[in-house]
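Worksheet for the structure shown next.
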Amino acid sequence: MIDLRPFDSLGAANHGWLDAHHHFSFAGYHDPERVHFGSLRVWNDDAIAPQTGFPPHPHRDMEIITYVREGAITHQDSLGNVGRTEAGDVQVMSAGTGIRHSEYNLEDVTTRIFQIWIIPTREGEPPQWGAKPFPKGERSGKFVTLASGHAEDEDALPIRTDGRVLGATLRAGETADYPLGKDRKAYLVPATGAVQIEDVRVNARDGAAISDVEVLRITAIEDSEIVLVDVI
């Protein structure tokens with residue numbers, strides 16, 4: 001089953017410094033049909049103006065993954081972590097028992113990110129943060145796990161949930177398979193390009209909520225950069 005969520009159907013709020021689109025209910029946007037998808041709670045498509053950003057604010061008991069599409073984001077938190085994550089790379093914050101952080105675009109260009117929140121399956125642990133480069137060339141024609149709660153995904157950033165965040169870059173005409181399993185859910189968004197899943201076309205920044213599929217087969221209609229979340 002594939003539920004297509006076109007980009008122009010998403011919740012939206014333009015704050016001037018932040019142009020945000022929400023795949024799920026968030027802040028002032030509420031849709032009772034789009035509160036979460038399994039343990040996936042938030043997928044925000046944010047454009048952050050130069051020299052602006054999110055001032056310090058708290059979180060707890062949430063896995064927060066930031067996928068940088070363009071520009072760079074600079075993170076600072078109450079644990080003393082400071083880091084700059086560039087386009088194509090990923091940062092993960094396990095909010096755990098509580099953390100305060102800020103996220104600023106200190107660049108001279110607009111920064112565009114996907115921010116993904118997944119409900120943890122382990123709570124009551126100390127907060128942590130990490131970031132890692134994931135060169136797009138290394139995910140050419142296949143999915144690479146970027147963040148994972150599964151011990152066997154040793155090269156991925158760790159998250160405290162039964163799930164994975166994956167990325168792939170496909171040239172037009174290429175196909176990639178992902179063994180999802182019928183008891184799991186997947187949410188897929190092309191950062192760029194367009195792909196086809198079964199008979200459904202998914203354009204850039206559209207969302208596709210996928211369930212009851214044993215093996216997920218994605219074919220690129222155009223050169224595409226894809227982000228996929230696999231959750232329970």
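The main-chain N or O of Pro120 is never found under 3.5 Å from a side-chain atom of Arg160 such that the two would form a donor-acceptor pair. One N or O on the side chain of Thr192 and one on the backbone of Glu225 form a donor-acceptor pair closer than 3.5 Å. Under a 3.5 Å cut-off, the side chain of Ser94 and the backbone N or O of Gly96 do not form any donor-acceptor pair. Between the side chain of Arg41 and the backbone N or O of Met62, no donor-acceptor pair lies under 3.5 Å. In terms of modelled atom types and a separation under 3.5 Å, the side chain of Asp223 and the main chain of Ala172 share a donor-acceptor contact. The backbone N or O of Ala47 lies less than 3.5 Å from no partner atom in the side chain of Asp19, so there is not a single donor-acceptor pair. A side-chain donor-acceptor contact under 3.5 Å links Asp206 to the backbone of Phe7. A donor-acceptor pair is defined here as one N or O able to donate and one able to accept, closer than 3.5 Å; no such pair exists between the side chain of Glu70 and the backbone of Thr111. Side chain of Gln196 to main chain of Glu198: a donor-acceptor pair is present (N/O by atom type, distance under 3.5 Å, no hydrogens or angles). Arg139 places a side-chain N or O within 3.5 Å of a backbone atom of Phe134 that can act as its donor or acceptor partner.
Closest of all the heavy-atom pairs between Val144 and Glu138 is CG2-O, 3.5 Å. Closest approach of Glu107 to Pro50, counting heavy atoms only: O-CB, 3.3 Å. Contact record, Thr145 with Ala156: O-CB, 3.6 Å, taken as the closest heavy-atom pair. Taking each heavy atom of Ile218 and Leu170 in turn, the nearest pair found is O-CD1, 3.9 Å. Smallest separation of non-hydrogen atoms from His30 and Val35: CE1-CG2, 4.0 Å. The nearest pair of heavy atoms linking Leu157 to Gly130 is CD2-C, 4.0 Å.
A donor-acceptor contact closer than 3.5 angstrom is absent between the side chains of Gln76 and Ser102. No hydrogens or angles considered: a donor-acceptor pair under 3.5 Å links the side chains of Ser9 and Arg34. No hydrogens or angles considered: nothing links the side chains of His22 and Asp45 as a donor-acceptor pair under 3.5 Å. A side-chain donor from one of Tyr178 and Asp230 sits under 3.5 Å from a side-chain acceptor of the other. With 3.5 Å as the limit, one finds a donor-acceptor pair spanning the side chains of His23 and Tyr187. Inspection of the Arg205 and Asn203 side chains reveals no N or O donor paired with an N or O acceptor under 3.5 Å.
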Subject >> Stepwise side-chain contact (heavy atoms from CB on, under 4.5 Å) test for Phe114 and Val189 >> reply: CA-CA 9 Å; Phe114 289 149; Val189 181; 3.7 Å; yes

**OP:** Begin with the C-alpha distance, continue with both residues' side-chain angles, and end with the deciding distance and a verdict on side-chain contact (heavy atoms from CB on, under 4.5 Å) for Asp89 and Val68.
**Re:** CA-CA 6 Å; Asp89 299 342; Val68 183; 5.7 Å; no

**OP:** Apply the test salt bridge (charged side-chain N to carboxylate O under 4.0 Å, His left out) to residues Lys142 and Glu174: give CA-CA distance (whole Å), side-chain angles for both, the deciding distance (0.1 Å), then the verdict.
**Re:** CA-CA 9 Å; Lys142 63 181 181 181; Glu174 281 189 324; over 6 Å; no

**OP:** Might you work through the side-chain contact (heavy atoms from CB on, under 4.5 Å) test for Val231 and Thr161, ending with a clear yes or no?
**Re:** CA-CA 8 Å; Val231 292; Thr161 192; over 6 Å; no

Subject >> Ile116 and Glu63: CA distance, side-chain angles, deciding distance, side-chain contact (heavy atoms from CB on, under 4.5 Å) verdict >> reply: CA-CA 8 Å; Ile116 297 162; Glu63 303 302 296; over 6 Å; no

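The closest side-chain heavy-atom distance from Pro190 to Leu188 is below 4.5 Å. Counting only heavy atoms from C-beta outward, the side chains of Pro158 and Gln128 approach each other to under 4.5 Å. Taking the side chain as every heavy atom from C-beta outward, Thr219 and Val195 never approach each other to under 4.5 Å.
Put simply, CG on Leu18 and OG1 on Thr110 are 11.0 Å apart, with the number rounded to the nearest 0.5 Å. Atom CG of Leu216 and atom CZ of Phe143 lie 6.5 Å apart (nearest 0.5 Å). Atom-to-atom distance recorded for Trp17:CH2 and Tyr104:OH is 8.5 Å, nearest 0.5 angstrom. Note: Ile118 CD1 to Ser39 OG = 6.0 Å, rounded to the nearest 0.5 Å. His15 NE2 to Thr52 OG1: the interatomic distance, rounded to the nearest 0.5 Å, is 11.5 Å. With rounding to the nearest 0.5 Å, the separation of OG in Ser25 from NE2 in His36 is 9.5 Å.
Ring centers of Trp117 and Phe24: at least 6.0 Å apart, outside the cut-off. In this structure, Tyr67 has its ring center at least 6.0 angstrom away from the ring center of Trp43.
Of the candidates Glu103, Met93, Gln91, Met93 is the only one forming a side chain to side chain contact (heavy atoms under 4.5 Å, CB included) with Ile64.
Cluster membership check: Leu166 does not share its hydrophobic cluster with Ile159, using side-chain heavy-atom separations under 4.5 Å among Ile, Leu, Val, Met, Phe, Trp and Tyr. Connection of Leu180 to Val227 is not established within any shared hydrophobic cluster, with ILVMFWY side chains joined at heavy-atom distances below 4.5 Å, either directly or through further cluster members.
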